[in-house]
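Basis for what follows: all heavy atoms, side chains included, without hydrogens, waters or symmetry-related copies. In what follows, chains carry the letters A, B, and so on, assigned in the order in which the sequence lines appear, proteins first and then strands, with residues in each chain numbered from 1.
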Amino acid sequence: MRPIDVLVVGAGPAGLAAAIRVRQRLAGAAREPCVVVIDKAARSGAHNLSGALFEAACLDELLPGWSEQRSEFRDHVVPIVQDDLYYLRPTRAVHVPSRLVPRPMRHIGNVAISVSRLVEFLAQRAEGLGVEIHDGFSATSLLVEEGAVRGVRLSELGLAADGTPKDNYQPAEEVRAAVTVLADGSRGVLSTQVAEHFGRGPNPQVYGLGIKAVVQLPRDNPLGPHRAVHTVGYPHPSDVFGGGFVYSLGETSATVGLILGLDWRYGNLDPLVEFEAFRAHPFIRELLAGSVTLAAGAKTIAEGGYYALGPVHVPGALVVGDAAGFVNVEKLKGLHYAVRSGICAGDAIADAFAADDLGGSALARYPALLAERGILGDLHHARNFRQGFRWDLAVGAGLSKVGGRIPVRLGMDEDRRATRPGSRLARDGAHPVDAATFVSLSGTTHREDEPSHVLLVDPSRCAACGADHDHACTHFCPADVYRWSDDRLVVSASNCLHCMTCSVKCPQSNILWHPPEGGEGPRYKLM
Amino acid sequence: MHCIVLVKQVPDVANVPEEAWDREKGTLRRAMLDSVLNPLDLHALTLARRIVGDDPRARVVYLSMGPPQARETLRECLSRVPGQAILLTDRSFAGADTVATAYSLACAIRRIEHELFAGSRDYVILAGMQSVDGDTAQVPPQIAEDLGIDQIAYATDLTPGPPLVVRRIGPAGPEEVTARRHPVLITVTACTEPVYRSFRLAREALEGPISEWSAVSVGARAERIGLRGSRTQVYRLFSPTEERARSCVLVHDAAQLVALIEERYHAAPGPSAELAEAPYVLGDREPSYHGPFWVYAERGPQGVRSVSLELLGAARELAGCLGEQVAALLPCDAPGGDADELIAHGADTVYLVEHPLLRTFLPAPYTLAVAPLIREHRPQAVLFGATPLGRELAPRVAYTCDCGLTADCTRLEIGDYVKGGQTRVGILRQTRPALGGNVMATIMTKDCPTQMATVRPGVLPLPVRDPTHAGEVIHVLPDLSGAEIGVEVRPLTASSVTAPLGDAAVIVAGGRGLHSRTRFEALVSPLAAAFARRLGAHGEVAASRMAVEDGFASRDRQVGQTGQTVRPKLYVALGISGAVQHISGMQHAATIVAINKDPRARIFSYADVGLIGDLETVVPELMRSLGDATHAAH
């Protein structure tokens, strides 16, 4: 069996772009590199979720001619021709004239896509280039030896809920490679471990939670087939950063979602309630009249921007995509950076491999390429954008106009610390939320007698959380994993969507999220 | 000892995405389901590993018949237990039903024995009991019939020995079966902790070759494979919701609830009764099939099993449409009063097939006892009960008679078939669930003189007993000299095997609304027992996933998407909200009753009868009404 030259953890847009690029550059060379991609999902795309508006030019760079060939992905790419921003009041929608919409937030020329479809497409292309893709394998920790990343450790398999090995117990396998590319997404378990071993950026990483649904619409619907709608304002209070979106995904299909910055202060904020309130707003309801929900899900987005970037090249490993935090919150985009950072990593690796220097310093070319190709420059321009909103929508909007010119770094606090003791959001229960149906629409499954992959560091800390923070996890988890019952926290880990909110937001720092066995979790196909 | 593991790539019916439903047509878009390894085959390959153990000379060979994309499934098998993989693939296999599939696989197995095992007969064939898409469990016994070997069905455990000893659920209960000659075919139920994929093996699986064998390369004759070799044909697929729609009747007190439940419980079962079209009229047209309708009569500890009597009732109706007679076929070692029972329930003729070797059921002698009679008399239809015995015998009989067989029918009727210039008059329309119950299929037999079908017990109504009905008894002495018996069977006591919920006719399930384990135990179990007593049935306790997670009940009681799927005659949901994950486990129950204090609970949209109220008050009232002596159980 060939030793692995490049191990990519995470078969998302960034990881697959890197894998594709390495194989492309060295196709037909005397020695071709062995590139292996692993992903904890059961099949490529199943754990990928995004809005999404995409700057497709990066695909032209990676796979020239992709749009001339037929594929499931290309058939579902929707050019955006109409782009509107609305400020929502409780019953009205105020249209913001386009001249007042900041340039980075204008989306004509972009396309609306499903990222799970994009990933399926990239996976097929990667396999065609000889990349080995192994879905259904969870990596739980980095193998770090003598200060360098040597590979990863996969999860143990076949433990019973009480932690004892069952008949089919399989110990954790180790996967070693000359270079490891960490593409495990927002709040990825391994890329987070990089920070522990090798340090982090000046600001802590902060996140937003995106909750979305894909709906089927009747023909001749009010939304139209080429439209992007963004909203700010209702339903969440102005001190919660975020907004909603509705994108056409075709004649009879659309996606609707709400993104909320996880630095909200309210112990009882329930993002699913906010999402349903958003969907129930008369303006949105009219746009989506007659809709049937086909799929739903949630995932965090790294929003910390430039100042939250940690080291992206460490001995033995490169970090790409959302895992590194390459998201431009001003433009609300991260996908094209994911692809482009993957291309940069692929180029750096290919050059190093050709020079027989995979283990050496040639990989330092990667951060240089990120700068040369404008990724870091873009993020630098938006470097203080997110921080303005930690106070208020109005403050943020104001600051956003000058953020690119402020010579100092605006700080940011960890999301979990923003939750204020006693702070509660008043909600009248007018929008009943069917969490069980939401979870079933994500297709998520886990072996039920598996040990919970969500661990409480110290269960006794949860009792105090009631008075201060209203057992925040029982509200902020979109999958209803946490319930307070009979004076204890009941954890239904099998509902988990792998969104990572709990690992970010628990006010007691009491929740450790840890990947379950491979092949579990959501089954996104249209997201 | 080598192993051949039969595996199949199937649609993932356990995870049907919402977008796979075609709302306008009410059908399932099968292409939108992921393809996975048939879940029971995972257990088969786990047992294969146990059999080959550490013996370096023992080989595991995976065999699958399918289109080129089935290679993925073979790679998946190789990434769990290493071995050799063979894909039997050929365009001429397309459209094969179980008979044609079994023949094709049997040809491939012969080639494996000859080429890969160098002619050694010291091997075992393992397969999952059934596939989730076809769900018939017919292919393995038909392969066994073709190869002339024994089949041990419904295996729950095995020890490789030698000798190989298999624990299984037999027609009369749990048994230990020792295979005395090899090869032997073992079909397994969900009985192991299935072996996981290993990353290392997954990488190796990508490197290793997968052999592709064509029809010609295994010596398969063209007229016996694919569409030509099939003896059944699906001619209609439709949504199960056509079968029934539920609207909940809300009652206000316990006594009313009990009365309604009893009325529904004892009413004629099956949607077939309500949905029957106008009675079939043959007129003076020439029917496509001729001859009587036969029923295979199965004996139980208390005489003829009621499923056989139910089938006689159906046979009478079907035969009546065409002016034909009804006969019953009863293999036994000595006649008892059973012939009279069969005649009283509608048989015009009873064939008593007597032989000492027929004392207890074994597939080889029983097939030899039954098949020649069918070939000789050419009845137009033979109906079997879909009992453990029926599921082993019917496929073998059908295969050896080269006739079509449809298993687990939920509806049987006479009708015409007119499509694309082809007309068939007075055929037996056989309807059954497929794709994990997500779709209904109507099937017809073709290219053979006898239509065969199996029906589960309790689906058809029991006919009225008529002691004045006259019939003829014919004693038949079968020639069983060819019967080779290669297994030894030892019955076991029932304690070791538990399948509590599957057989229960009455299930009372508790959910989160019970709030505590003590309340759950105080309210749910006694209510289950009271219902069972009242209705004269076997009753069990079940729980929703939330209740299990909260510790109210153990996991083996869990009903739902990730628990068991049950089809009892009565399902009572106490304090269960009706989340879709729970509904999927019990939606096919004949009568669903919901008791919940939240009037908006989703469960009420799936229930037939509902009562809104607090469990603390309602359950004791129900207990009182159920215990009311004036309405004692029958």
Residue pair [X] / [Y], side-chain heavy-atom distance below 4.5 Å:
{"X": "Glu549(B)", "Y": "Ser494(A)", "value": "yes"}
{"X": "Trp21(B)", "Y": "Val292(A)", "value": "no"}
{"X": "Asp550(B)", "Y": "Val490(A)", "value": "yes"}

Most contacts with chain B, counted as non-hydrogen pairs under 4.5 angstrom, among [options]:
{"options": "Val175(A), Ile38(A), Asp449(A), Asp167(A)", "value": "Val175(A)"}
{"options": "Gln170(A), Arg2(A), Arg488(A)", "value": "Gln170(A)"}
{"options": "Gly518(A), Ala435(A), Ser492(A), Ala42(A)", "value": "Ser492(A)"}

Specify which of [options] makes the most heavy-atom pairs with chain A at under 4.5 Å.
{"options": "Pro194(B), Ser577(B), Ala579(B), Ala14(B)", "value": "Pro194(B)"}
{"options": "Ala202(B), Pro17(B), Ser198(B), Ser79(B)", "value": "Ser198(B)"}
{"options": "Arg49(B), Met546(B), Met32(B)", "value": "Met546(B)"}

With the threshold set at 4.0 Å, does a side-chain nitrogen-carboxylate oxygen contact exist between [X] and [Y]?
{"X": "Glu173(A)", "Y": "Arg200(B)", "value": "no"}
{"X": "Asp135(A)", "Y": "Arg197(B)", "value": "no"}
{"X": "Glu132(A)", "Y": "Arg203(B)", "value": "yes"}

Open item on the list: Atom CD of residue position Glu450(A) - does it have more than 12 heavy atoms of other residues, nucleotides or ligands inside 6.0 Å?
Closed with: yes
Task: Heavy atoms of other groups near Asp220(A) CG, more than 12 under 6.0 Å - done: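 It does not: Asp220(A) CG has 12 such atoms or fewer within range.
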Non-hydrogen atoms of chain B under 4.5 Å away: do they reach the side chain of [X], the backbone, both or neither?
{"X": "Thr293(A)", "value": "backbone"}
{"X": "Leu154(A)", "value": "side chain"}
{"X": "Val214(A)", "value": "neither"}

Structural part of [X] lying under 4.5 Å from a heavy atom of chain A:
{"X": "Arg555(B)", "value": "side chain"}
{"X": "Thr192(B)", "value": "neither"}
{"X": "Glu207(B)", "value": "side chain"}

Open item on the list: Evaluate Arg512(B) against Arg483(A) for side chain to side chain contact (heavy atoms under 4.5 Å, CB included), listing each step before the verdict.
Closed with: CA-CA 12 Å; Arg512(B) 230 205 305 184; Arg483(A) 270 188 294 135; 2.8 Å; yes
How far does [atom1] of [X] sit from [atom2] of [Y], to the nearest 0.5 angstrom?
{"X": "Met1(A)", "Y": "Leu206(B)", "atom1": "CE", "atom2": "CG", "answer": "10.5 Å"}
{"X": "Leu33(B)", "Y": "Lys525(A)", "atom1": "CG", "atom2": "NZ", "answer": "8.5 Å"}
{"X": "Asp34(B)", "Y": "Arg523(A)", "atom1": "CG", "atom2": "CZ", "answer": "6.5 Å"}
{"X": "Ser138(A)", "Y": "Phe199(B)", "atom1": "OG", "atom2": "CZ", "answer": "12.5 Å"}

Would you say the side chains of [X] and [Y] form a donor-acceptor pair under 3.5 Å?
{"X": "Ser440(A)", "Y": "Gln581(B)", "answer": "no"}
{"X": "Tyr169(A)", "Y": "Glu193(B)", "answer": "no"}
{"X": "Gln558(B)", "Y": "Glu448(A)", "answer": "yes"}
{"X": "Arg545(B)", "Y": "Asn495(A)", "answer": "yes"}

Task: Heavy-atom pair of closest approach, residues Arg602(B) and Asp434(A) - done: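 Closest heavy-atom pair between Arg602(B) and Asp434(A): NE-OD2, 3.2 Å.
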Task: Stepwise side chain to side chain contact (heavy atoms under 4.5 Å, CB included) check, Asn15(B) with Thr445(A) - done: CA-CA 9 Å; Asn15(B) 292 297; Thr445(A) 55; 3.5 Å; yes
